[in-house]
Amino acid sequence: DILDKKRVNIGVLGHVNSGKTSICAVLSTILSTAALDKSPASQETGNTLDLQFSAIETDEHLFTLVDCPGHAHLIKTIVGGAQIIDMALMVIDINKGIQVQTAEGLIISEISVDNIIVVLNQIDSIDPDDREAKIEKMTNILRKNLRRTKFRDAPIIPFSAKDPTEEQMDNLKHCIIHETPNIDRSDTDPSNLLVYTDHCFNIRGKGKVVTGTILRGSVSVKQDVEFPSLGIVRKVRSIQVFKKSTPYASQGDRIGLLFSDIDEGSIERGIICSPGLVPVVQNVIIHAHKIRYFKDTIRTGQIFHVTIGHKTVMGKISIFGDEYSTDREFDFDDDFIFRQDFKGKRDTYALLELKKPIRCPENTILIGANLERETISGCRIAFHGRILANLEPNEFHNLKIYKTRQREGYIQRVVDDQSFIGHGMFDHTNVAIFVNKVVYIPHEDGKIWGRIEGSFGKTGKYKVLLDHGGPLIDGSFKGKPVILPIKKYIYDHSKTLRQ
């Protein structure tokens, strides 16, 4: 039974005309209704313009091939497809090597999966006398480029999709089986159902079929499911897995669900889920990772194209960091320092304020990109991250992000070796509100810390008592600066003084 086999979803990525769809054609033993450029638009252009699905059925596995388009302007479709895959085939034309969409495909694969296979395609176009030397040369070039990624040890398989030999077919199929990762498919809870949908079509006299991939949970015939973008709940009339009817499907399955009373034009790419499972989000906190190939500085306040699942919206990024480490679990009780940019760090926290609300599952991968820039000017994918929390507009004050500020005065008179009178910090301000606040004296051996003990007179002077056991001072410290560090919390409008 097809449902008893291990289900693995394989993304097939690469530059346009590298031969992705041809490879899917020769490998596939099962074709879906959305496979091998069947759409009229693809037939007209000769290129893949949407996600396409077919499968390889073996004794133990059902490998679903997710054929992703290679055109630069279809990157949103590619990003959406990458979020449903378990591993990837990276198809490269041996005559052209790594091209723009090859590079972006590698970046998306690094975000999405741990295992890839590089298919060095179109070796039949090389003269037989030069073929082995050309394969070796290109393999060395690719190996050098892959060394900078987590795929440094990825297998590289020479192939000819136009007319593959039996040996080439066996090598690639065996490699796919060998590189298949261990996949946890234990989430079969029907109340946790999450399906990323990609196509919808009408079957005359029966209803509408919505196709997609189950990311979490399971679904059964007669089960109620929600279309969150439409705000409707419908009952599943029947289920198919690659044209085979089944009463049940679970995590990892490529499915077709039959419904009545829905408008196929309003569905297409989106989500089907258990009722009430997927919340509306507009302001999300993520653990953000900057893409090493994105050369521009990512700054707080910048606007990016933010892709979550199959949806892309504009969003403003605000960068902030843990005082200690982003390896700790995010906690609203912690203080975080405001950052103007990543400041040389590869990862940090960020708040993304989306221009419009979208439905988004918890713990979802998110990708930020500048899709308006030309591909020839460099990588467009800027950062990625996993959503840690959702913020309502009235909850921003719970996020304790601060900017550092300081007041500066000077030592007017040294009282003894552990106290002094300071001036110049408060003018005629009421010093009382600063009592017990921490100050320090910059020193070549480090900061000398103390606390404001109280006011001294009525002209803004103050007395400071140094920390017990710290360095001692003498008359030579007269005139030295005194610093009062302050944390200004950007979402706290109460103007409370904090350190």
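Residues Tyr196 and Pro361 are in side-chain contact: their nearest non-hydrogen atoms beyond the backbone lie under 4.5 Å apart. Between Ile176 and Leu89, some side-chain heavy-atom pair lies under the 4.5 Å cut-off. At least one side-chain heavy atom of Ile286 sits less than 4.5 Å from a side-chain heavy atom of Leu352.
A donor-acceptor pair is defined here as one N or O able to donate and one able to accept, closer than 3.5 Å; no such pair exists between the side chain of Ser419 and the backbone of Val415. No donor-acceptor distance shorter than 3.5 angstrom exists from the side chain of His305 to the backbone of Asn370, with no hydrogens or angles considered. With hydrogens and angles disregarded, no donor-acceptor distance shorter than 3.5 Å links the side chain of His15 to the backbone of Gly105. Checked by atom type and distance alone, the side chain of Gln251 never pairs as donor or acceptor with a backbone atom of Gly217 at under 3.5 Å. In terms of modelled atom types and a separation under 3.5 Å, the side chain of Gln499 and the main chain of Val438 share a donor-acceptor contact. Distance alone, capped at 3.5 Å, places no donor-acceptor pair between the His61 side chain and the Phe63 backbone. Not a single donor-acceptor pair under 3.5 Å links the side chain of Ser218 to the backbone N or O of Ala249. For Arg386 (side chain) and Asn363 (main-chain N/O), a donor-acceptor pair under 3.5 Å exists by modelled atom type. At least one donor-acceptor pair under 3.5 Å links the side chain of Glu110 to the backbone N or O of Lys150. Using a distance-only test at 3.5 Å, with no hydrogens or angles considered, no donor-acceptor pair links the side chain of Thr312 to the main chain of Ile308.
Nearest heavy-atom pair, Gly479 versus Tyr410, reported as atom, atom and distance to 0.1 Å: O-CB, 4.0 Å. Between Ser18 and Asp93, the shortest heavy-atom distance links the atoms CB-N, 4.2 Å. Nearest heavy atom pair, residue Leu399 against residue Tyr491, reads O-CD1, 3.6 Å. Here the closest heavy-atom approach between residue Pro471 and residue Leu466 is recorded as O-CD1, 4.0 Å. Scanning both residues, Ile291 and His384, for their nearest heavy atoms gives CD1-CD2, 3.7 Å.
The structure places NZ of Lys20 at 10.0 Å from CG of Asn121, a figure rounded to the nearest 0.5 Å. Atom CG of Leu146 is separated from atom CD1 of Ile141 by 12.0 Å, given to the nearest 0.5 angstrom. One distance of note links CE of Met87 with CG of Asn115; it measures 6.0 Å at 0.5 Å rounding. With values rounded to the nearest 0.5 angstrom, Ile156 atom CD1 is found 5.0 Å from Thr139 atom OG1. Taken from CZ in Arg254 to CG in Leu62, the straight-line distance is 11.5 Å, to the nearest 0.5 Å. One distance of note links CZ of Arg216 with OG1 of Thr188; it measures 14.5 Å at 0.5 Å rounding.
Between the side chains of Asn192 and Asp187, at least one donor N or O sits under 3.5 Å from an acceptor N or O. Side chains of Asp347 and His287: a donor-acceptor N/O pair is present below 3.5 angstrom, by distance only. With no hydrogens or angles considered, no side-chain donor-acceptor pair links Ser274 and Ser191 at under 3.5 Å. Counting only N and O atoms by type, the side chains of Arg339 and Thr348 include a donor and acceptor under 3.5 Å apart. With hydrogens and angles left out, the side-chain atoms of Gln412 and Lys461 include a donor and acceptor closer than 3.5 Å. A donor atom on one side chain and an acceptor atom on the other are found under 3.5 Å apart for Asp335 and Tyr489. Inspection of the Asp198 and Thr211 side chains reveals an N or O donor paired with an N or O acceptor under 3.5 Å. Under 3.5 Å, the side chains of Ser250 and Arg7 contain a donor-acceptor pair of N or O atoms.
Within 6.0 Å of atom CD in Glu136, 12 or fewer heavy atoms from other residues, nucleotides or ligands are found, so the atom counts as exposed in its surroundings. Within a 6.0 Å sphere centred on NZ of Lys316, heavy atoms belonging to other residues, nucleotides or ligands number 12 at most. No more than 12 heavy atoms of other residues, nucleotides or ligands sit less than 6.0 Å from atom NZ of Lys6. Counted within 6.0 Å of CD on Glu179, heavy atoms from surrounding residues, nucleotides or ligands total more than 12; the atom is thus considered enclosed.
Legend: residues meeting salt bridge (charged side-chain N to carboxylate O under 4.0 Å, His left out) with Lys463, ordered by chain and number and at least two apart, are Glu453. Every residue two or more places apart in sequence or in another chain that forms a side-chain contact (heavy atoms from CB on, under 4.5 Å) with Lys290 is listed here: Phe294, Ile298, Phe342.
Here the rule is side chain to side chain contact (heavy atoms under 4.5 Å, CB included) with Val284, and of Leu391, Leu388, Ile387 only Ile387 fits it. In summary, of the residues considered (Lys487, Lys403, Arg498), a salt bridge (charged side-chain N to carboxylate O under 4.0 Å, His left out) with Asp492 occurs for Arg498 alone.
Aromatic rings of Phe338 and Tyr402 (six-membered ring for Trp) have centroids beyond the 6.0 Å cut-off, not under it. In this structure, Phe477 has its ring center no closer than 6.0 Å to that of Phe420. A distance of 6.0 Å or more separates the ring centres of Tyr462 and Phe434.
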>> side-chain contact (heavy atoms from CB on, under 4.5 Å), that's the test. Do Phe426 and Arg407 meet it? Break it down for me.
In response: CA-CA 8 Å; Phe426 304 119; Arg407 291 193 176 205; 3.4 Å; yes
